[in-house]
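Notes follow once the structure below has been shown.
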Amino acid sequence: MADVHFTNVRVFDGGGETPFTGDVLVSGNRIARVARADRGQRPPPVAGATVIDGAGAFLMPGMVEAHTHFSWNDQPSLDSIQRMPPEEHILWCAQVARQYLDMGWTSCVGAATAKPRLDVVIRNAINDGTIVGPRYIAASQEITVPGGLGDTTAPHLPQHEFAFGAIVSGAEEMRRCVRMFAKYGVDQLKINLSGESITGMPSEMSQFTDEEIATCVDEAKRWGKRVAAHARSTWSIKACVRHGIQVIYHASFTDTESLDLLEAAKFDHFVAPGLAWLINTCHHASQWGLTPEVTRRMGYHRELEAAVESMKAMRRRGIRILPGGDYGFAWTPHGTNAKDLETFVRVLGMSPMEALLSATAWGGPMMGHGKEIGYIREGCFADLLLVDGDPLTDITLLQHRERILAVMKDGVFHRAPPLRSPGGTTRYGAPASVTRWAA
Ligand SMILES: [Zn+2]
C-alpha cells in the first residue's frame, strides 16, 4: 500500500473549525500527518508516495450513515422486500454496499436486515475483501411481537415462514431470539419498540413489555452486542433511556419528561430520526398510492410535525442527532442519503457545519470507534472524501456523485480522483507521472 500525499486541499478536519488549506499524508490505513499552510507547515516529501494535487478541493472525513438497511430493495412494502429470494437478495445487498461507499458513506450502521444472515454475510465479505463496501455494523432482523411492526405473516399460512421480522412473545422467546442472532454473528440487535402507521399499528403504540425489553438488553449485553430500537412513541423513547438502549431510531413523539431523560443521558445515546422516510411518505409517495390525503389519514403529517419539533428540541439540548433516513423503500431509494444533511439544515435549522459534524465527528462513536473515525487527524483511520466545492456553502453538493471526486476507505482509494489531462480540462489529480492508476 503506497503512501498518499494530498496537497493543496482545504481540510475540514471534523473538529468544527473553519477549514484550512494544507496537506494530508496517508500512510497505510491511517492519517500520518496533517500540515496547515497558514502555520507554515508542510509534511516532508515521502519517497514513493502518490501525490494528489487537490487544486483547492475540499478534503473531509468519510461520512457515517447511522440507519441503513442494505437489504431493503427499493420496494414499496415490507412484504415485497422480504419476498426477494435469498440468492438475489445477497447480490442486491452487495450492490447496495458498493453504492454507499461510492456516495461517500465510508461507514454504515445496519439498522435491521430482511433475512437472518444477510447483514452478517455482507459485513464479513466486505471485511475479507470479497466485495466492496463501507465499514459496516451488521444488524439482526427486526425483533417484534405477534401483530407488531414486522409481523407480516398471514393468519392462514405457517407462522414465521415469511415474516419480515423475528416474532417473539414473552421473555424466554426474546432470550432465545437474541441468542440466535448472536450465534449468527450480528453486531447489533434491532427491536421494534413502537408501531409504524403504514403497517397498521400506529406509531404511538408500544407493544413490548418491560420484561421483554429488559431480557433483550440483558442477553445482548452478555454477548457483547449493542441494541438499537425503532422508537417513535413517547413511551418507547423513555424505555430506551430506562433500559440503556444506545441507538434510538425516529424518536418522533417526545414530551418534556422524555427530553429531560434523554438530555440527562445524552452521551449514552444516539438519535437518528429518519426524517427522509417521514417527508417522502407525506409528500413524495403518490405514485405508490400514498397520496398526501392517504398519509395524512395514517397520521404521518402529524408525526412529521412532531418529529421536527422533537429534533429541534433535542438539538437545543445537545443530544446527538445523526443522519440516516430509512433509505431503501421505493420512495426513499438508496443513494439519496445525503439529502438528510440538507434536511437537517433546511428543516431543523442546523448550520451546515453542524450537519457535516453529525455525519462525521458523531459517527465515530456511533461506529464504536471513538475519535478514530470522523476526523482528519494524525492516527485516525484514513477514510476521506475529496469534494469539488464547499459543502459548508452548499450542503446539497454531497448528494451528487460527480461532486465527490474521490473516496478513500481505510487508506485505499475506492474511487481515485480524476487525472489532470494534458489539455488541462480536468482540474484535480496529480500529473500522470506520479500516479499509480490508469486514466
Ligand atoms: Zn429503519
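Basis for what follows: all heavy atoms, side chains included, without hydrogens, waters or symmetry-related copies. Counting starts at 1 for both ligands and their atoms, following the listed order.
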message = Taking N, O or S atoms only and a limit of 2.8 Å, check whether His69 reaches the Zn ion (ligand 1).
response = yes
> Do Pro61 and Phe12 have side-chain heavy atoms sitting under 4.5 Å apart?
Replying inline: yes
Query raised in the report: Looking at Phe329 versus Trp277, is the centre-to-centre ring distance below 6.0 Å?
Result: yes
The side chain to side chain donor-acceptor pair (under 3.5 Å) partner of Asn337 among Gln399, Gln99, Glu65 is Glu65
Per residue His67, nearest N, O or S atom to the Zn ion (ligand 1) is named NE2
Looking at Asp326, the N, O or S atom sitting nearest the Zn ion (ligand 1) is OD1
Test side chain to side chain contact (heavy atoms under 4.5 Å, CB included), reference Ser203, set His250, His230, Arg232, output is Arg232
